**Student:** 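Got a structure here, written out as structure tokens. Questions coming.
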Amino acid sequence: MATSKVLIVDDEESVAVTMAAILEMDGYAVTTALRGEDAIARLRSDTFDLVLTDLRLENFDGMDVLAEARRRSPDTIGIVLTGYASVESAVKALREGAYDYLLKPCDVEELRLTVARGMERRRVGLLLKERLRELEEANQTIHELNTTLQQRIDRATGDLQERVRELDAARREAQDHLEKLRELDKLKSQFLSIASHELKTPITAMSGFVQIAVRRIRRRLDAGRPREEEWRKEENTLLDQLEVVQRQTTKLARLVDELLDVSRIESGRLELRLTDVDVPELAAEVMRRHEVMSTKHELRLRHDPAGRFIVRADRDHIEQVLNNLIGNAMKYSPDGGPIEVTVASSADHEVLLSVSDHGMGIRESELPRIFGLFYRSPDRDARDVGGMGLGLYITKEIVDRHSGRIWAESKVGSGTTFHVALPTSVGAPVQVGS
Ligand code: ADP
């Protein structure tokens with residue numbers, strides 16, 4: 001261990017020398033200064049562990065020596081020497097940072113003890129300082145570790161949040177899929193029950209009438225040629241039955257066509273062969289075909305006879321739209337009444353087609369759903385009328401494919417109007433004449 005260094009400052013040479021001798025014997029490296037200026041010079045060229053100074057030097061304040069010592073090395077221990085008469089100034093020195101004081105003339109043992117205590121105090125102080133520095137270092141390391149840890153936690157939290165978001169999106173997607181699958185499953189069940197019922201009804205009727213006809217003909221063959229009047233009656237009955245079979249065959253063919261259309265729509269195979277279609281002319285043609293099927297309904301076509309309402313469209317498909325809307329108007333007004341088909345033009349380069357009936361109507365809550373696949377009204381009256389819930393779905397798909405719009409207005413018990421807006425290919429429909 002390095003020898004501890006002591007600076008003794010006293011203008012009484014005998015005191016300085018004696019104290020130096022005592023302390024040197026205790027193993028300290030002692031330097032003496034007899035004047036304040038000397039002491040300051042020493043302090044500027046060397047550092048000391050402990051400075052022992054007389055408070056009252058010639059022309060100099062001992063406290064200035066201690067202040068200089070601490071400025072040079074803050075851990076330097078200061079001890080002041082003072083006479084009995086200036087105990088008060090010793091106390092003041094202690095307040096200003098001196099470690100201890102010795103009264104002159106001082107006892108050898110007291111000197112040795114005080115210096116030793118001062119040295120111990122300095123050692124402990126330095127040790128404390130060292131521990132404090134270590135603690136600060138450790139604190140700094142902890143702070144850095146904490147920062148790194150926080151950054152890693154932040155990154156991990158961010159990653160985790162991202163994963164949670166991804167998982168949430170995947171979960172929502174899966175839920176949507178599930179929802180769609182459930183919907184499809186429901187549609188499938190609906191389809192099976194509706195299709196089997198709707199297809200079975202005409203087949204049962206056809207098979208029944210064909211069986212009866214076969215039996216009649218066989219019986220007639222066994223009985224031999226009838227009389228003229230009897231033969232005519234039998235032929236008429238047979239004709240009636242064959243007509244029923246014919247009607248049912250047409251119905252069956254229509255149902256199968258609808259199913260094929262749905263299949264084409266679902267697989268994106270609905271083809272459009274575009275030509276210029278005269279809407280009132282096509283409507284009149286479709287209405288003529290429907291007119292002969294009912295005696296209860298009166299079909300009226302309204303349009304400006306001077307106007308030309310031409311759309312660039314697939315004729316067969318527009319015919320299908322008219323067939324479905326006029327067919328429904330008749331089907332859902334079983335008590336008959338007028339059915340009006342109106343063709344007009346709009347300012348938005350569209351041809352507007354509407355089909356109105358005075359039938360059972362549709363509840364407002366159902367209106368948004370009637371264009372859905374397999375949608376059939378739960379109402380008793382509507383249920384009693386046959387159907388697979390495909391007509392309006394196909395109609396809407398056709399209108400959509402022509403970039404048109406379709407919507408319905410209805411009042412239960414009063415009737416329904418379906419509106420179709422079809423864009424014309426070349427600007428607004430051309431109006432000829434006034
Ligand atoms: P459907 O084969 O059942 O007639 P649609 O798709 O043509 O199938 O019609 C769907 C449902 O919309 C029908 O079941 C019926 O409840 C209702 N609907 C369609 N047209 C009319 C109408 N003109 N009047 C009253 N209800 C209608």
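Since we're looking at a predicted model, the values are computed, not measured. What's counted below: heavy atoms across the whole structure, side chains too, no hydrogens, waters or symmetry copies. Start at 1 and go down the list; that is how both ligands and their atoms are numbered.
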**Student:** Of Leu255, Leu373, Asn328, which has the heavy atom at the shortest distance from atom 7 (O) of ligand 1?
**Tutor:** Asn328
**Student:** Under 3.5 Å, is there a donor on one side chain and an acceptor on the other for Gln140 and Glu136?
**Tutor:**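 No, no side-chain donor-acceptor pair sits under 3.5 Å.
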**Student:** Could you find the nearest protein heavy atom to atom 13 (C) of ligand 1 and give me its residue, atom name and distance?
**Tutor:**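 Minimum-distance protein heavy atom for atom 13 (C) of ligand 1 reads Tyr332 OH, 3.2 Å.
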**Student:** Looking at Glu235, Glu229, Glu228, which hits side chain to side chain donor-acceptor pair (under 3.5 Å) with Arg232?
**Tutor:**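 When Glu235, Glu229, Glu228 are each tested with Arg232, the side chain to side chain donor-acceptor pair (under 3.5 Å) holds only for Glu228.
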**Student:** Can you name the atoms of ligand 1, numbered from 1 with element, that are less than 4.0 Å from a heavy atom of Gly387?
**Tutor:**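 Answer, ordered by atom number: 1 (P), 2 (O), 3 (O).
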**Student:** Ignoring angles and geometry beyond distance, decide whether Met360 reaches within less than 3.5 Å of ligand 1 through its nitrogen or oxygen atoms.
**Tutor:**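 No; the residue has no nitrogen or oxygen that sits under 3.5 Å from a nitrogen or oxygen of the ligand.
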**Student:** Return yes when Lys331 approaches ligand 1 closer than 4.0 angstrom through a heavy atom, no otherwise.
**Tutor:**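 The answer is yes, since Lys331 has a heavy atom less than 4.0 Å from ligand 1.
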**Student:** At what distance is the nearest protein heavy atom to atom 12 (O) of ligand 1, and which residue and atom is it?
**Tutor:**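 Scanning the protein heavy atoms, the shortest distance from atom 12 (O) of ligand 1 goes to Ile370 CG2, 3.7 Å.
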**Student:** Find all atoms of ligand 1 within a distance of less than 4.0 Å from any non-hydrogen atom belonging to Leu390, and give their numbers and elements.
**Tutor:**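 Near Leu390, the atoms of ligand 1 are 6 (O), 8 (O).
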**Student:** Looking only at protein heavy atoms, which one is nearest to atom 8 (O) of ligand 1, and how far off is it?
**Tutor:** Gly389 CA, 3.1 Å
**Student:** Could you see which bit of Phe371 sits under 4.0 Å from ligand 1, with heavy atoms only: side chain, backbone, both or neither?
**Tutor:**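 The answer is neither; Phe371 stays 4.0 Å or more away.
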**Student:** Listed by chain and number, what are the side chain to side chain contact (heavy atoms under 4.5 Å, CB included) partners of Thr201, not counting sequence neighbours?
**Tutor:** His197
**Student:** Report the nearest protein non-hydrogen atom to atom 16 (O) of ligand 1: residue, atom name, distance rounded to 0.1 Å.
**Tutor:**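 Scanning the protein heavy atoms, the shortest distance from atom 16 (O) of ligand 1 goes to Ser377 CB, 2.9 Å.
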**Student:** Holding to side chain to side chain contact (heavy atoms under 4.5 Å, CB included), I want the full list of residues that pass it with Ala98, two or more places apart in sequence or in another chain.
**Tutor:**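 Per chain and number, Ala98 pairs via side chain to side chain contact (heavy atoms under 4.5 Å, CB included) with Leu66, Val80, Ala93, Leu94.
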**Student:** So which of Asn146, Thr148, Thr147, Asp154 actually passes side chain to side chain donor-acceptor pair (under 3.5 Å) with Gln150?
**Tutor:**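 So, applying the side chain to side chain donor-acceptor pair (under 3.5 Å) to Gln150 and each of Asn146, Thr148, Thr147, Asp154, only Asp154 qualifies.
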**Student:** What protein heavy atom lies closest to atom 6 (O) of ligand 1? Include the residue and the distance to one decimal.
**Tutor:**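 The answer is Leu392 N, 2.8 Å.
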**Student:** Evaluate the ring planes of Trp407 and His419, with Trp represented by its six-membered ring, and classify them as parallel (under 30°), tilted (30 to 60°) or perpendicular (over 60°).
**Tutor:** parallel
**Student:** Verify the distance criterion only: is there a donor paired with an acceptor across the side chains of Asp261 and Gln320 at less than 3.5 Å?
**Tutor:** yes
**Student:** Looking only at the side chains, is there a donor atom on one of Thr395 and Asn324 sitting less than 3.5 Å from an acceptor on the other?
**Tutor:**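 Side chains of Thr395 and Asn324: pair found under 3.5 Å.
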**Student:** Quick check on salt bridge (charged side-chain N to carboxylate O under 4.0 Å, His left out): which of Arg123, Arg70, Lys129, Arg121 does Asp75 satisfy it with?
**Tutor:** Lys129
**Student:** Give the single entry among Val385, Asp357, Asn324, Ile362 that approaches atom 27 (C) of ligand 1 most closely by any heavy atom.
**Tutor:** Ile362
**Student:** May I ask you to identify, for Met388, whether its side chain, its backbone, both or neither come under 4.0 Å of ligand 1 on a heavy-atom basis?
**Tutor:**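 The answer is the backbone.
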**Student:** Before accepting this row, confirm whether a basic side-chain N of the pair Glu234/Arg219 lies closer than 4.0 Å to the acidic partner's carboxylate O.
**Tutor:**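 No.
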**Student:** What protein heavy atom sits nearest atom 11 (C) of ligand 1, and how far away is it?
**Tutor:**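 Atom 11 (C) of ligand 1 sits closest to the protein heavy atom Tyr375 O, 3.7 Å.
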**Student:** Under 4.0 Å from a heavy atom of Gly391: which atoms of ligand 1 are those, numbered in the order shown and with their elements?
**Tutor:** 5 (P), 6 (O), 7 (O)
**Student:** For atom 3 (O) of ligand 1, what is the closest protein heavy atom, and at what distance to 0.1 Å?
**Tutor:**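 Here the nearest protein heavy atom works out to Arg376 NE, 2.8 Å.
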